Amino acid sequence: MIEITLLGTGSPLVDPDRAGPATLVRAGGTTLLFDCGRGVLMRAAAVGVQANALTALVLTHLHSDHITDLNDVITSRWVTTFAPTPLRVIGPPGTASVVDGLLASLAPDISYRLAHHDDLTWDPGVEVAEHLEGVVFDEDGVRVLAAPTDHRPVHPSVGFRVEHGGHAVVIAGDTVPCEGLDRLCQGADALVHTVIRADLVEAIPLPRLQDILDYHSSVEQAAQTAARNGVGTLVLTHYVPPLLPGAEDEWHSKAAEHFDGPIEMGNDLHVVRIGP
Ligand SMILES: [Zn+2]
Ligand SMILES: [Zn+2]
């Protein structure tokens with residue numbers, strides 16, 4: 001079974017009820033965190049996952065809302081492990097320099113804790129692997145493949161396909177429909193796609209908001225990507241504007257115009273299980 005938990009279904013817009021973009025995928029004893037937006041570890045704790053239990057953190061791109069709490073993941077893992085246990089971070093080219101900059105900003109904190117705790121004698125380790133394409137993880141019967149997506153001018157950006165036990169789940173991240181995402185989605189059991197409601201965004205006469213239309217998929221486009229590639233279940237997340245209580249049917253019908261299969265959406269901690 002592959003278990004998908006929508007840890008954070010929010011967006012850059014601060015929302016009291018939705019954490020920032022983050023999706024947990026658990027399969028075969030492996031715990032993979034995709035993106036680490038605002039409040040990610042609070043939500044992960046709600047499903048019994050601490051930073052020290054992550055097999056790897058996987059980043060789709062380096063937009064701030066998707067990496068807001070990278071510092072928290074690095075530091076919380078460091079202070080809750082009792083032997084050097086580097087955090088593995090898989091992300092697009094550019095990830096290593098973001099991590100280096102973050103570690104530099106944490107230098108005072110690192111020095112305080114090393115000075116204060118006699119049993120803590122190592123720095124927070126982070127092992128970064130930068131990938132755009134191909135197999136990025138292959139352990140314990142879990143394989144993760146990457147392919148480039150299109151979120152320009154945010155570049156590079158990457159989507160991922162998690163395979164386990166004959167099932168496959170795709171994490172699209174932020175992207176417009178593109179060939180790389182289509183490739184990952186071929187015959188997948190589920191596609192987790194960040195979406196915007198283009199019709200609602202178009203109605204808000206704010207240039208800063210209008211700008212987001214050209215580099216995200218609308219609900220309809222995400223549904224078309226799922227349909228075009230024979231995906232089993234479409235999972236919507238990263239709702240812009242926020243998915244309001246009672247509006248689920250409206251969002252659902254926009255997707256259902258283009259996709260026949262099950263459509264999942266919801267609040268933070270919504271779970272979708274794929275396979276027996
Ligand atoms: Zn983005
Ligand atoms: Zn985003």
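Counting starts at 1 for both ligands and their atoms, following the listed order. Quick caveat, the model's predicted, so the values are computed rather than measured.
- Among the atoms of H216, no N, O or S atom is found under 2.8 Å from the Zn ion (ligand 1).
- Counting backbone and side-chain atoms alike, H238 contributes an N/O/S atom closer than 2.8 Å to the Zn ion (ligand 2).
- Checked by atom type, the side-chain pair R38/T68 shows no donor-acceptor distance below 3.5 Å.
- Remark: the backbone N or O of T9 is paired with a side-chain donor or acceptor of D268 at under 3.5 angstrom.
- We find the CG-CG distance between D65 and D174 to be 6.5 Å, quoted to the nearest 0.5 Å.
- Relative to the six-membered ring of W78, R113 misses at least one condition, a distance below 6.0 Å or an angle of at most 45° to the axis.
- Contact check on R197 versus E202 returns no salt bridge, with no Lys/Arg side-chain nitrogen under 4.0 Å from an Asp/Glu carboxylate oxygen.
- The nearest N, O or S atom of H63 is not closer to the Zn ion (ligand 2) than 2.8 Å.
- The Zn ion (ligand 1) has an N, O or S atom of H151 under 2.8 Å away, backbone or side chain.
- At a cut-off of 2.8 Å, D174 coordinates the Zn ion (ligand 1) through an N, O or S atom.
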